[in-house]
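The structure appears right after this line, and notes come after that.
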There are 2 protein chains.
Amino acid sequence: MAALAAVSVGTASKALNGRGSMRPETRQRVREAAERLGFRASAAARSLQAGRTYTVGMITTDSIGRFSIPVMLGAEDSLGAGRMSVFLCDGRDDPIREQYYLDTLLSRRVDGIIVTGRRAQPRPPVRANLPVPVVYAFISSTDPDDCSVLVDEADGATKAVEHLLAIGRRRIAHVSGPEHHQSAATRCTTAAGRLAGAGLEFAAPPMFGEWSEAWGRHAAGTLLANGHDFDAVFCGSDQIARGVADGLRAAGRRVPDDVALVGFDNWDVMAMACQPPLTSVDMDLEGVGRAAADMLLAAINGQPAPGRHYRPCRLVARESTAVTVRPAPGTAPAPPDRLAAQPRT
Amino acid sequence: MAALAAVSVGTASKALNGRGSMRPETRQRVREAAERLGFRASAAARSLQAGRTYTVGMITTDSIGRFSIPVMLGAEDSLGAGRMSVFLCDGRDDPIREQYYLDTLLSRRVDGIIVTGRRAQPRPPVRANLPVPVVYAFISSTDPDDCSVLVDEADGATKAVEHLLAIGRRRIAHVSGPEHHQSAATRCTTAAGRLAGAGLEFAAPPMFGEWSEAWGRHAAGTLLANGHDFDAVFCGSDQIARGVADGLRAAGRRVPDDVALVGFDNWDVMAMACQPPLTSVDMDLEGVGRAAADMLLAAINGQPAPGRHYRPCRLVARESTAVTVRPAPGTAPAPPDRLAAQPRT
DNA sequence: TTGAAAGCGCTAACAC
DNA sequence: GTGTTAGCGCTTTCAA
C-alpha cells in the first residue's frame, strides 16, 4: 500500500491519520491508494503500540434478558459514538462462565468493563483489583465504592402514588412480586411512605406474589373477594397490572372509572396491549446504559465517579388512569380502544 | 514476568502455551510466576503475529429486537464455546451506521461476520467482496449464494395446520399480520395449501392486519360478526392469537372447546399469559443463531456452506388446543389456570 | 533445554 | 516534506 503510493510507511501513516505536515498532493495520493486497495489500518497493531484498544466488555451476570437488553443497547449507543467497540458476554447466571469471560476480556485488554444484570439486588464485585475501570449498570456491587448506575425505584414508586393521588384516588391497593425481592420491597415501602405523607394508608394489606399476569388476575380476585374498598391499584410490574386489569374486568369493574391502575417497567408491548392501555413507571433503562457508558468513558479518561448513582424514573400516563375528576356514577367515558372487540361492559 | 521466573520471553511463551519441550520444573516455575503476576498474554500482540483475531462481528441490520436477540444469544453461545469473542453492533436500521460498523469490524480484523435482523424479507448483501466470511442469520441476503440460516416458516405453518387437523378441527380460520409481509404471506399460503391437501379450505377468507393483540381482538369480533363457522384459528403471531383469545372469550366462545387456537413465535410471556395458555410454533431462534455460528466457524476454517439453509420449526402444544376428541357439548373441561380469577364462562 | 532474534503492522521520534 | 528506525508484546525459528 505504501508501495503503491510510492511513499514510506511512516508517511502513509501520517497521511491517513492527518498527522504531521506534508504536501497535500502526497496526502491525496496516499489516500487514493488506500481507497483503491481497501486498506484499513489493523486495530491490533495500532492498539499494541497505543496501549489502548478502544474496546470495552459488557458482561451480564445472569442471562441477557428483558432488563439487561435496553441497558446494553443504551451503552452500546454511547460507546459506539465514541468509536469504541463492545464485546458481548452472556454470563448465563454461571459464575464460572463469568470469570472465564472476565479473563478473556482482560487478555483482550479492554479499556473498561460494564456489568449488568436482571435484578436490582446488589451482587459481589465481579473481581477485586481489576486493572481496568468497571461500571455496574442497573445492578449494583455490594461494595458501595464501586461505580454503579441505578434506577431510583423509590422515585418511581413515589411518582406512581402521586399520580394516583393527583387524579383523586385515595383508596390505593398494592399488588407486587415476591416479598423478598428488593424491588418489590422498595416500591412497597416507598409507596406506603408517600401515602402516609398524605395521611393515608394502603386500602388493603400489600399483596406479594410472582411477577406474572396470572398472579395479577388472582390478586384482583382476592381483593374483591375480601371486600376491600379500593379505587386504584399500584402494581409492581406491568404484567401484574395487566393481570389485575383482566381480573377486574372479568368481575365487572371498570378501569379506570372504578379502579385506576399504574404499572411498573413501561414494557411497551404489555402496557399497550392492556385494556385499557396502562399507565406505567418507566425506568429509562437505555438512559441507565448510556449513563453507565459515559461514566466508564470518564473513568477510562482518568475521571472516575465512584459510588452509587441513582437516576429518576418517569411516569408515562395512559388510559388506565385517564380520569382527572371522577365522573358522576353512570357517566362512563367512551371505551378507549377502537380496534378492540367490545368487552361486555 | 519472564524476568520473575528468570527465563527468556521465548521460554515463557512456550511454557504457558504448552508448546515445545522443556524441563517440567521450568514450566511450573513460569506458570507460577504468571499466576502470581496475573499475567495474561495480550490478544492484540498474539493476533498481530497469528493473523487471526478469534473475534467475530455480529451486526443487526435493523435495531436489535425481539427476534434478533435469541439469534444473537445462540450465536454467542456457540462462538464462546470456541473461544471467540463477539463484537456487538446495532445497526439501528441505518445503512450509514451499518457500513460504519462494517468498516470498524474490518479494521479490527474479525475472522467473520454474522448479520441478523428482524424480518425474513431478503436484504441486499451487506457489502460485496468482503475479505471475511459472512453468514446471514434469520434474515437472508438477496444473493442466493450468500450463506444464510433461515427458519422454514412453511414447515411451521404446516405443523400448525396438521396439529389442528389432528385434534379434529376442520373449519380453520386464519388471522395474520400485514399482507405484504413475507412471513404473513408464506404462512398463509402454506396453511392454505396444506388444507387443500386435506380437501379443505379456510373457513373464512384469511385476515391480514397488524402484528398486535388489538388486531387479534378486532379480527375475532369480525369473524363472529360475519357469521363464519369456524372451530379453530391459526394465527400469524402469538400476540394476534392472544387478541383473538380475548376477543372470543369476550363474545362467550370457549377456547379450546369451541375454538382451538395456534399462535406463531412461541413467545413465552405471551403464550403463557394467554388464557388458556397458547399452543404455538417455535422457530428455535437460538438454534438458528447457533447454526449460523457453526457455519461461520466452518467457513473460517475453509469449509464454507454457501446458499440458504432452512431449519424446521417445532410445535409446542398447550391448552389452547388441548382437546383430542371434541367433548359432547356441555362437557366443558376444568379451566386450566388455577391462579386466574375465573372468567365468567 | 534454553536463549536470541526476527517479524507481525503500526505510530512516533528523529534524521535527512 | 519525507524516509528511517525503534518498539509495542507476542510466537517461532534457529543457534547454542
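Naming convention: chains lettered A, B, ... in sequence-line order (proteins, then strands); numbering from 1 in each chain. Side-chain atoms are counted along with the backbone in the values below, which use heavy atoms only and exclude waters and symmetry mates.
With sequence neighbours excluded, the residues that form a ring-ring contact (aromatic ring centres under 6.0 Å, His included) with A/His181 are A/Trp211. In terms of the side chain to side chain contact (heavy atoms under 4.5 Å, CB included) criterion, residue partners of B/Ala305 (sequence neighbours excluded) are, by chain and number, B/Met295, B/His309. Not counting sequence neighbours, the partners of A/Asp282 by the side chain to side chain contact (heavy atoms under 4.5 Å, CB included) test are A/Asn266, A/Asp284, A/Arg314, A/Val316. A search for side chain to side chain contact (heavy atoms under 4.5 Å, CB included) contacts involving B/Ser68 returns B/Thr60, B/Ile64, B/Thr116, not counting sequence neighbours. Residues passing the side chain to side chain contact (heavy atoms under 4.5 Å, CB included) test with B/Val9, sequence neighbours excluded: B/Ala2.
The stretch residues 37-46 of chain B comes close to DNA chain D through B/Phe39, B/Arg40, B/Ala41, B/Ser42, B/Ala45, B/Arg46, each having a heavy atom under 4.0 Å from the strand.
One interatomic measurement links the two molecules: OH of A/Tyr54 to C1' of D/dC8, which rounds to 15 Å at whole-angstrom precision. Whole-Å rounding puts the A/Leu48 CG to D/dG7 P distance at 14 Å. Note: CG (B/Leu16) to C1' (D/dG9) measures 13 Å, nearest angstrom.
Judged by distance alone, the side chain of A/Glu286 and the main-chain N or O of A/Val71 form no donor-acceptor pair under 3.5 Å.
The pair B/Asp145-B/Arg308 does not meet the salt-bridge criterion, since no charged nitrogen lies less than 4.0 angstrom from a carboxylate oxygen.
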Enumerate all atom pairs, one protein N or O and one N or O from nucleotides 12-16 of chain D, separated by less than 3.5 Å.
residue, atom, partner, partner atom, Å
D/dT12, OP2, B/Arg19, NH1, 3.4

Taking only distance into account, with no hydrogens and no angle test, what donor-acceptor pairs under 3.5 Å do side-chain atoms of residues 14-24 of chain B form with protein atoms, sequence neighbours excluded?
residue, atom, partner, partner atom, Å
B/Asn17, OD1, B/Arg46, NH2, 3.1
B/Asn17, ND2, B/Ser13, O, 2.9
B/Asn17, ND2, B/Ser13, OG, 3.4

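Across the interface with DNA chain C, nearest-nucleotide mapping of B/Arg109 and B/Arg23 shows B/Arg23 to be the residue nearer the 5′ end. Mapped onto DNA chain C by nearest heavy atom, B/Ala50 and B/Val7 fall at different nucleotides, with B/Val7 at the one closer to the 5' end.
For residues 29-42 of chain A, the set of pairs meeting the salt bridge (Lys or Arg N to Asp or Glu O under 4.0 Å) definition, not counting sequence neighbours, comprises A/Arg40-B/Asp103. The ring pair (Phe, Tyr, Trp, His ring centres under 6.0 Å) contacts involving residues 40-67 of chain A comprise A/Phe67-A/Phe138, where partners must be two or more places apart or lie in separate chains. Residue pairs satisfying the ring pair (Phe, Tyr, Trp, His ring centres under 6.0 Å) criterion with at least one member in residues 69-111 of chain A, sequence neighbours excluded, are listed as follows: A/Phe87-B/Phe87.
Under 4.0 angstrom from either OP1 or OP2 of D/dT2 there lies no side-chain N or O belonging to A/Ser8.
The terminal axes of the helix from C/dT1-D/dA16 to C/dC16-D/dG1, fitted over 5 pairs per end, subtend an angle of 50° to the nearest 10°.
For A/Thr26, taking side-chain heavy atoms from C-beta onward, the closest of the listed nucleotides C/dT1, D/dC10, D/dT2 is D/dT2.
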